[in-house]
Amino acid sequence: LDLLGGAGIRRWTRRKLWDLPLSLKWRKRISHTPLYLDADPRRAIYDNFHTIFTAALRGEILRDQPDDAAPAYASHIEYFNDSGADDTLGRMLYADIKTYLVELLMKQDQMSMATSIESRVPFLDHRLVELCSSMPSRVKLRGRTGKWVLRRVMRDKLPRSILTRRKMGFPVPLKAWFAEDFNRMAGEILLDGKARRRGLFNPDCIERILLEHREQRRDFSGHIWLLMNIELWAEEFLDGNVTGPRYGQ
C-alpha cells in the first residue's frame, strides 16, 4: 500500500473513517484493512489479531506507557517461523495451535468446570488433528471457504443452511448493553474519585470512549468491559474493598 502513496491514504482514513456516512459494520471492516492499520506489518498483526487496544488507543488512554508490545506476540512469530510447514496457512495454523488454542482451551476448561459441566472437544482428538495437519492447504481453505474438506464430507449429512452458515461464537450483547443503561454504570466506575486518583487511565479518553459508544459512532464494548474489570479488580485487591465489587452481587 505504501508503494502507492498509502501513507497519505492511511492518515486520511484514520482521521475520517469514524465520521463517514457508512454503517458501523463497514467502518469496523475498513479499520481491519491496510487502509487503516499501521504500516509496520508486525504492529498491524498485533493491532488486528492480538489486542483489543491498538497501540494508538493505548497511547491515548494510559497515563504511563509500558514498553513496546512486541514481546506480546513474539512467541507467535517464533512458532510461525519454526513450524516447518510448507506454506503460510500451515505456519499460521501451527502458531495458533501453540498459542491461541492454548488460551481458548484454558477458558473452555475453567468455564465448564465452574458450572459443573464435563465438556469435550472432539475435533481435537490427536488422530484427527494429525490427519488434518497432513492434508494439503487446498482442502482446508478454498477462496473464502474454510473447513472445505469437512463441509465436503458432511454435504449429504447436514442441511445446506448449516453447511453454509457463517461461523458463530457465543456472544454476549455487550455492544447494546454499553450503549444503554450500562454506559452510565461504566462511567460511574471508571470516572469516580477513586479511579481518577488511581491515575491509571486518562479520564478525557474514557469520556470520549463512552460517548462515542453511546452514540454508536464506534464499537468500544470490548474496551469498556476490560477497563471496568481492571478498575473493579483494583478496588478489591489494591484498595482492600473486602465487601467485593460494587456491581455484580
Side-chain angles (χ1 to χ4, degrees), residues 28-29 31-34 36-59 61-62 65-115 117-151 166-172 174-175 219-230 233:
K28 286 176 65 177
R29 287 185 177 181
S31 73
H32 289 285
T33 71
Y36 188 90
L37 293 170
D38 197 289
D40 180 352
R42 295 193 312 157
R43 178 62 63 190
I45 291 172
Y46 177 75
D47 283 352
N48 209 19
F49 296 108
H50 299 297
T51 185
I52 294 292
F53 290 88
T54 64
L57 183 56
R58 192 182 67 200
I61 201 168
L62 290 180
Q65 282 296 294
D67 294 334
D68 185 77
Y73 57 87
S75 61
H76 295 71
I77 297 174
E78 179 180 344
Y79 284 122
F80 181 89
N81 291 334
D82 297 340
S83 67
D86 296 329
D87 57 16
T88 300
L89 179 61
R91 297 184 186 102
M92 292 175 66
L93 290 172
Y94 182 80
D96 269 0
I97 288 173
K98 291 292 189 178
T99 54
Y100 187 45
L101 181 61
V102 175
E103 177 185 346
L104 290 180
L105 290 176
M106 177 187 67
K107 293 177 179 177
Q108 175 263 338
D109 185 60
Q110 290 175 334
M111 294 303 99
S112 60
M113 290 295 98
T115 51
I117 294 174
E118 188 71 28
S119 63
R120 291 290 183 265
V121 282
F123 281 105
L124 292 182
D125 181 282
H126 72 92
R127 290 161 295 190
L128 182 58
V129 172
E130 291 163 6
L131 172 63
C132 294
S133 297
S134 68
M135 292 180 177
S137 293
R138 66 177 182 275
V139 301
K140 300 174 186 174
L141 178 67
R142 287 202 178 182
R144 299 184 63 182
T145 301
K147 304 182 180 74
W148 183 86
V149 68
L150 178 61
R151 297 176 196 272
R166 294 184 63 182
K167 183 176 180 179
M168 298 176 62
F170 303 96
V172 176
L174 288 179
K175 178 183 174 184
D219 180 3
F220 282 121
S221 53
H223 307 76
I224 298 170
W225 172 253
L226 291 176
L227 291 169
M228 287 176 60
N229 274 274
I230 292 172
W233 177 89

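Each residue takes its place number in the sequence, starting with 1. Just so it is clear, the values below take in all heavy atoms, side chains as well, and ignore hydrogens, waters and symmetry mates.
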S.K.: Only counting residues at least two apart or in another chain, list the ones meeting side-chain hydrogen bond (donor to acceptor under 3.5 Å, both in side chains) with Lys28.
M.R.: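 If we apply the side-chain hydrogen bond (donor to acceptor under 3.5 Å, both in side chains) test to Lys28, skipping adjacent residues, the hits are Asp219.
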S.K.: Under the salt bridge (Lys or Arg N to Asp or Glu O under 4.0 Å) test, which residues partner Arg120, sequence neighbours left out?
M.R.: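 Salt bridge (Lys or Arg N to Asp or Glu O under 4.0 Å) check on Arg120 returns Glu118.
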S.K.: Please find the pair of heavy atoms, one from Tyr94 and one from Tyr79, that lie closest to each other, and give the distance.
M.R.: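 Answer, listing the atom of Tyr94 first, then Tyr79: CD2-O, 3.5 Å.
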S.K.: If you compare all heavy atoms of Arg29 against all heavy atoms of Thr33, which two are closest, and at what distance to 0.1 Å?
M.R.: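 Minimum heavy-atom contact is O-CG2, 3.2 Å.
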S.K.: Listed by chain and number, what are the side chain to side chain contact (heavy atoms under 4.5 Å, CB included) partners of Val172, not counting sequence neighbours?
M.R.: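 Counting only residues at least two positions away or on another chain, Val172 forms a side chain to side chain contact (heavy atoms under 4.5 Å, CB included) with Leu174, Trp177.
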S.K.: Going by the rule ring-ring contact (aromatic ring centres under 6.0 Å, His included), which residues pair with Trp233 if we only count those two or more places apart in sequence or in a different chain?
M.R.: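 Partners of Trp233 under the ring-ring contact (aromatic ring centres under 6.0 Å, His included) test: Phe237.
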S.K.: Decide if atom CG of Asp86 counts as having more than 12 heavy atoms of other residues, nucleotides or ligands within a radius under 6.0 Å.
M.R.: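 No, because the 6.0 Å sphere around CG of Asp86 holds 12 heavy atoms or fewer from other groups.
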S.K.: Please report the interatomic distance NZ(Lys147) to NZ(Lys167), rounded to the nearest 0.5 Å.
M.R.: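 These two atoms lie 5.0 Å from each other.
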S.K.: Mind checking whether Phe123 and Leu150 have side chains closer than 4.5 Å, heavy atoms only?
M.R.: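 In contact.
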S.K.: Should we count CH2 of Trp225 as having more than 12 external heavy atoms under 6.0 Å?
M.R.: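 No.
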S.K.: Quick check against the 3.5 Å criterion: does Thr115 have a side-chain atom that pairs as donor or acceptor with the backbone of Met111?
M.R.: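 Looks like yes, one N/O pair under 3.5 Å.
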S.K.: Please name all residues satisfying side-chain hydrogen bond (donor to acceptor under 3.5 Å, both in side chains) with Gln110, sequence neighbours left out, ordered by chain then number.
M.R.: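 Gln110 satisfies side-chain hydrogen bond (donor to acceptor under 3.5 Å, both in side chains) with no other residue.
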S.K.: Sequence neighbours excluded, which residues qualify as side chain to side chain contact (heavy atoms under 4.5 Å, CB included) partners of Leu101?
M.R.: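 Here the qualifying residues are Ile97, Leu105, Leu124.
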S.K.: Can you pull out every side chain to side chain donor-acceptor pair (under 3.5 Å) where at least one residue sits in residues 121-140? Sequence neighbours excluded, please.
M.R.: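 Counting only pairs at least two positions apart or across chains, the side chain to side chain donor-acceptor pair (under 3.5 Å) contacts touching residues 121-140 are Asp87-Ser137, Asp125-Arg127, His126-Glu130.
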S.K.: My understanding is that only residues two or more places apart in sequence, or in another chain, count here; which of them pass side chain to side chain contact (heavy atoms under 4.5 Å, CB included) with Leu57?
M.R.: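 In terms of side chain to side chain contact (heavy atoms under 4.5 Å, CB included), with neighbours along the sequence ignored, Leu57 is linked to Phe53, Thr54, Glu60, Cys205, Arg208, Ile209, Phe220, His223.
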S.K.: Just jot down the side chain to side chain contact (heavy atoms under 4.5 Å, CB included) partners of Thr88, sequence neighbours excluded, or say none.
M.R.: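 Here the qualifying residues are Phe80, Arg91, Met92.
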S.K.: Does any part of the side chain of Leu131, heavy atoms only, come nearer than 4.5 Å to the side chain of Met135, both counted from C-beta?
M.R.: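 Met135 reaches Leu131 side chain to side chain.
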S.K.: What residues form a salt bridge (Lys or Arg N to Asp or Glu O under 4.0 Å) with Lys107, not counting sequence neighbours?
M.R.: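 Counting only residues at least two positions away or on another chain, Lys107 forms a salt bridge (Lys or Arg N to Asp or Glu O under 4.0 Å) with Glu103.
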S.K.: Checking Ser83 now: which residues fulfil side-chain hydrogen bond (donor to acceptor under 3.5 Å, both in side chains) with it, not counting sequence neighbours?
M.R.: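 side-chain hydrogen bond (donor to acceptor under 3.5 Å, both in side chains) check on Ser83 returns nothing, list empty.
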S.K.: Nearest 0.5 angstrom please: Thr99 OG1 to Leu104 CG, how far?
M.R.: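 Between atom OG1 of Thr99 and atom CG of Leu104 there are 9.5 Å.
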